[in-house]
2 protein chains.
Amino acid sequence: MNKARNTKVDILNAALPLVRKLGFESVSIANLAKEVGMSKSGLFAHFHSKEKMHVMILDHASVDFTQNVVMPALKSKRGLPRLKKILSNWVGWLGSSSEGACPFVAASIEYDQKEGLVKERLQFHLGSLIKAISRSVDHCIEEGHFDKGSDSNQIAFEIYSFVIGESIYRKTLGHKSSNKILTESLNRLYARSK
Amino acid sequence: MNKARNTKVDILNAALPLVRKLGFESVSIANLAKEVGMSKSGLFAHFHSKEKMHVMILDHASVDFTQNVVMPALKSKRGLPRLKKILSNWVGWLGSSSEGACPFVAASIEYDQKEGLVKERLQFHLGSLIKAISRSVDHCIEEGHFDKGSDSNQIAFEIYSFVIGESIYRKTLGHKSSNKILTESLNRLYARSK
DNA sequence: TGATAAAACGAACGATCGTGCTATTATTGA
DNA sequence: TCAATAATAGCACGATCGTTCGTTTTATCA
């Protein structure tokens, strides 16, 4: 039961870039099996169904986000420095290696109207992500980096929107200075009511 | 050659809600044919390939956007009133009847990394959409509704991001007051440097 | 109305999909 | 090392996909 967990991680690591490139529904068991050099049935045995596979890919994306975006930022000082670090990590994560879209946005598009395990899990993970941003904004307010009366949910919404917007500008439109525009938007936001 | 155009419009009208519900790749020829009550081959004859069908659905979405979002707003006064009207029409369009995601965002996710006719067309349409917003912001600057030094591209980016963000909040997260949050964000933006 | 053309259909193709089986490896622990 | 067990492969199935082709139905217009 050791070997299994290893290859499962290998599979999920291979799945994430595929999801970001092709979307969830295009990452089939057959497709993914070829990618990792396994038989269809061998890979299938790890997940027991396509839906459960997609759920676990989503879970894996969430772990990946936490490890590579949130956790490294915990070394930065609580408040604005940490929030800024989270955001730069986030943008880096979205633009990293494999390219492609944000896995949560991809799932958003494909499972909005499809009830099932994937949609439920997506709601949980995306909700957690936004709650994490909101909490980080709260720290900024507590530390006096944002105005006392600021609404952290409001600010978290705007931050999330900007990050997703930048991703679309860069990936779809091929916008050259999307990062500069994002930075400008965030700077305006940081400077709010101070 | 009259009948053909009529059924083609019928097909595209049926396709748009499906795309918004399921994404592009899930709208298959077989699927769509069943939806409109035609045979696969009968429907196929209208498009000659699946890719061309997806391109025409995208074109149709663009026409739909122009007719239902941009054009009705032209009756409003040039400048901020018109921009506000475009935005409320836009949000209404995204939340209208069929529900589902923004077709351009759906295409964004699915065709970012897939070269071909669909991606090319998407770049054109999404670029046009954002240019239209930016132009409307320029009018606001000219009319003195926004500060002279405002950057219309910057503001257009933020507006676009907010609209997409609201859509994800509402559709995926089921956020109750997403519209209120969006309104607050836009009001802050309208009030900028005045 | 009847000839001509357009539009829609039905059947079939090869490909790919998810998912059961059973058999065959590879890994593990005494 | 050797039995027990877990992991993987091979194969087959029904479904669905895009596409082709020949036929039939429907619309057009002189």
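Residue numbers begin at 1 in each chain, while the letters A, B, ... track the order of the sequences. This structure is a prediction, so every number in the text was calculated from the model and none was measured.
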Considering every strand and a 4.0 Å limit on heavy-atom distances, what is the contact class for A:Ala45: base, sugar-phosphate, or nothing? base
note: A:Lys34, atom NZ; C:dA15, atom P; distance rounded to Å ~ 12 Å
Residues which pass salt bridge (Lys or Arg N to Asp or Glu O under 4.0 Å) with A:Arg78, listed by chain and number, not counting sequence neighbours: A:Glu142, A:Glu143
Give every residue pair that meets the salt bridge (Lys or Arg N to Asp or Glu O under 4.0 Å) criterion with at least one member in residues 37-59 of chain B, sequence neighbours excluded. B:Glu25-B:Lys50, B:Asp59-B:Arg121
Grab the N/O contacts between the protein and nucleotides 10-13 of chain C below 3.5 Å, and write none if there aren't any.
| residue | atom | partner | partner atom | Å |
| --- | --- | --- | --- | --- |
| C:dG10 | N7 | B:Ser41 | OG | 3.0 |
| C:dG10 | O6 | B:Ser41 | OG | 2.6 |

Rounded to whole Å, the NZ-P distance (B:Lys8 to C:dA7) equals 10 Å
Between C:dC9, C:dG18, D:dT19, which nucleotide gets closest to the side-chain atoms of A:Ser28? C:dG18
Check whether NZ of the Lys or CZ of the Arg A:Lys171 lies under 6.0 Å from the centre of the six-membered ring of B:Tyr111 and within 45 degrees of that ring's axis. no
Spacing between A:His48 atom NE2 and D:dT8 atom C1', to the nearest angstrom: 14 Å
What orientation do B:Tyr160 and B:Trp90 show, parallel under 30°, tilted 30 to 60°, or perpendicular over 60°? tilted
Rounding to a whole Å, what distance do you find between A:Ile11:CD1 and D:dT8:P? 7 Å
Looking at D:dT8, C:dT19, D:dC17, which one has an atom nearest to any side-chain atom of B:Asn31? D:dC17
Taking the basic N atoms (NZ, or NE/NH1/NH2) and the acidic carboxylate oxygens, is any pair closer than 4.0 Å for A:Glu110 and A:Lys114? no
Does C:dA8 have OP1 or OP2 under 4.0 Å away from a side-chain N or O of B:Thr7? yes
In whole Å, what is the span from the CG atom of A:Leu43 to the P atom of D:dG10? 14 Å
Reported OG-to-CG distance for the pair A:Ser26 and A:Leu18, which is rounded to 0.5 angstrom: 10.0 Å
Nearest nucleotide by nearest heavy atom, which residue falls closer to the 5' end of DNA chain C, A:Ala30 or B:Gly37? B:Gly37
Using whole Å, what does the distance between atom C1' of nucleotide D:dT26 and atom CG of B:Asn6 come to? 14 Å
Interatomic distance where CZ belongs to B:Phe44 and P belongs to D:dT19 [whole Å]: 5 Å
Of all residues at least two apart in sequence or in a different chain, which pass the side chain to side chain contact (heavy atoms under 4.5 Å, CB included) check with A:Ser39? A:Ser41
Quick one: list whatever passes salt bridge (Lys or Arg N to Asp or Glu O under 4.0 Å) with B:Glu184, sequence neighbours left out. B:Arg188
Against the side chain of A:Met38, the closest entry in C:dT19, C:dA8, D:dT8 is D:dT8
When rounded to whole Å, the NE2 to P distance for the pair A:His54 and C:dG18 reads 8 Å
Describe, as an angle rounded to 10 degrees, how the axis at the first end of the helix from C:dT1-D:dA30 to C:dA30-D:dT1 is tilted relative to the axis at the last end, five pairs per end. 20°
Measuring from atom CE of A:Met53 to atom OG of A:Ser28, what distance do you get when rounded to the nearest 0.5 angstrom? 7.0 Å
